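The next block holds one structure in the form of structure tokens; read it before the comments.
Here is the naming used below: chain letters follow the sequence lines, and residue numbers restart at 1 for every chain. Worth saying up front: this structure is predicted, and the values here are computed from it rather than measured.
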There are 2 protein chains.
Amino acid sequence: MYTVKEIAKLLDMSEHTVRYYTDMGLVPSLKRDKNGNRLFDEQSKNWLIGIKNLRGSGMSIQAVKEYVNLCLQGESTLKIRYEIILEQKKKLEEQLKEMNERYKYIEHKVNWYLDIMNHRIPDNSNPGTWSTSGSESQVESYASLGSVGHEAL
Amino acid sequence: MYTVKEIAKLLDMSEHTVRYYTDMGLVPSLKRDKNGNRLFDEQSKNWLIGIKNLRGSGMSIQAVKEYVNLCLQGESTLKIRYEIILEQKKKLEEQLKEMNERYKYIEHKVNWYLDIMNHRIPDNSNPGTWSTSGSESQVESYASLGSVGHEAL
DNA sequence: TACTTGACTTAGAGTTACTCGAATGGAATA
DNA sequence: TATTCCATTCGAGTAACTCTAAGTCAAGTA
């Protein structure tokens, strides 16, 4: 049995959020002690883990709640729940793809700064080199080196 | 030169968001036509791409704004900007790690549903098998198959 | 020429998911 | 008993959209 504080620390989320989720009815197995304090057993912990993962993959609170309710309705909802999870998997794959794009962008930036600070490539690093969507180094070289002035930006 | 609608489509963001970002002053190079309509040139497009990537890696609007302002101040701010970007890279790496965890969780779920629906493993799939933090299949087998009843959840 | 359509504008309200703070109250310790 | 420590609820605040209303402007059509 965990208190709010303990479960929050264990699952690395804020106590506020834990209370919020329980208040939203996302943890059907939640228990209380005689003073009304929330108590999480293994089941409640597992619900919270699931909620955290579904939220983190982009599901809204409302959607999570609906999923939880489907779970409580038993095996008649298996197929629809499977489809929900499958859909979520697809979204997650999409997000991972975007994340990787972002990572490449940031990596590119880091290298750009390193080059500049080492006095290599002091300005025009051939505009249009960044991926398919145009180079931000074009902007950067302009913005950061101020060769033209702020008005023209 | 792109209109709001065009740039929004091109960068896959809502027109609302594009306007919101420009209103927040995140695109210093923004132009307007004689009627006050926003016009995005390559520079503005590149700013937007940068903003999108920084936001997507967890930077707040305010933080992005501060970064943009640092850019406009020229090369005297190179070092601090480099540190900001480096910090953002670290955050992204953290996010990617979490994403992968989530993906494993969802994959596990998908397989769990497939197993159940194929009438393999109809109920107790050995509680405690999910990663280090306990098995949600424990909850699921309980919740979805309703062998005990909803009250006990 | 008048009318309609459509894309754009601003201002402001609404939404989601937290996030915080104040007021309250039981339980353990000095 | 007083203080401290948790935990509680409730309501307000915040960030980042998201949407709606009301209005402007230019182009196309009857």
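For Ser60(B), the listed nucleotide lying nearest its side chain is dA16(D); candidates were dC18(C), dA16(D), dC8(C). Out of dA17(C), dT19(C), dC17(D), the shortest distance to the side chain of His16(A) is found at dT19(C). When distances run from any side-chain atom of Asn37(A) to the nucleotides dT19(C), dC8(C), dT8(D), the shortest one goes to dT8(D). Listed candidates were dA17(C), dC8(C), dT18(D). Nearest to the side chain of Ile61(A) is dA17(C). Distances from the side chain of Val4(B) to the nucleotides dT9(C), dA16(D), dC18(C) place dT9(C) closest.
The shortest heavy-atom contact between Ser14(A) and Ala8(A) is C-CB, 4.1 Å.
For the residue pair Arg102(A)/Ser57(B), the side-chain donor-acceptor check at 3.5 Å is not satisfied. Under the 3.5 Å distance criterion, with hydrogens and angles disregarded, no donor-acceptor pair is assigned to the side chains of Glu15(A) and Tyr20(A). Using modelled atom types and a 3.5 Å distance limit, the side chains of Gln95(B) and Tyr103(A) yield no donor-acceptor pair. Under 3.5 Å, the side chains of Tyr67(A) and Arg81(A) contain no donor-acceptor pair of N or O atoms.
Between the NZ atom of Lys5(A) and the P atom of dA7(D) there is a distance of 5 Å, given to the nearest Å. As a whole-Å value, the separation of Met24(B) CE from dA16(D) C1' is 10 Å. Atom CG in Leu48(A) sits about 12 Å away from atom P in dC18(C), given to the nearest Å. The distance from atom CD of Glu6(A) to atom P of dA7(D) is 8 Å, rounded to the nearest whole Å. With rounding to whole Å, Ile7(B) atom CD1 is found 16 Å from dC8(C) atom C1'.
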Check nucleotides 9-14 of chain D for protein N or O atoms closer than 3.5 Å to its own N or O atoms and list the pairs.
unit_1, atom_1, unit_2, atom_2, d
dT9(D), OP1, Arg32(A), NH1, 3.3
dT9(D), OP1, Arg32(A), NH2, 3.4
dT9(D), OP2, Arg38(A), NH1, 3.0
dT9(D), OP2, Arg38(A), NH2, 2.7

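Heavy atoms of Ser14(B) sit nowhere under 4.0 angstrom from any nucleic acid atom. Backbone-only contact: Thr3(B) has heavy atoms under 4.0 Å from sugar-phosphate atoms and none from a base.
Between Lys90(B) and Glu93(B) there is no salt bridge, since no side-chain nitrogen of the basic residue lies less than 4.0 Å from a carboxylate oxygen of the acidic one.
For Lys52(B) (side chain) and Leu11(B) (main-chain N/O), a donor-acceptor pair under 3.5 Å exists by modelled atom type.
In terms of position on DNA chain D, the residue among Lys34(B) and Met59(B) whose nearest nucleotide sits closer to the 5' end is Met59(B).
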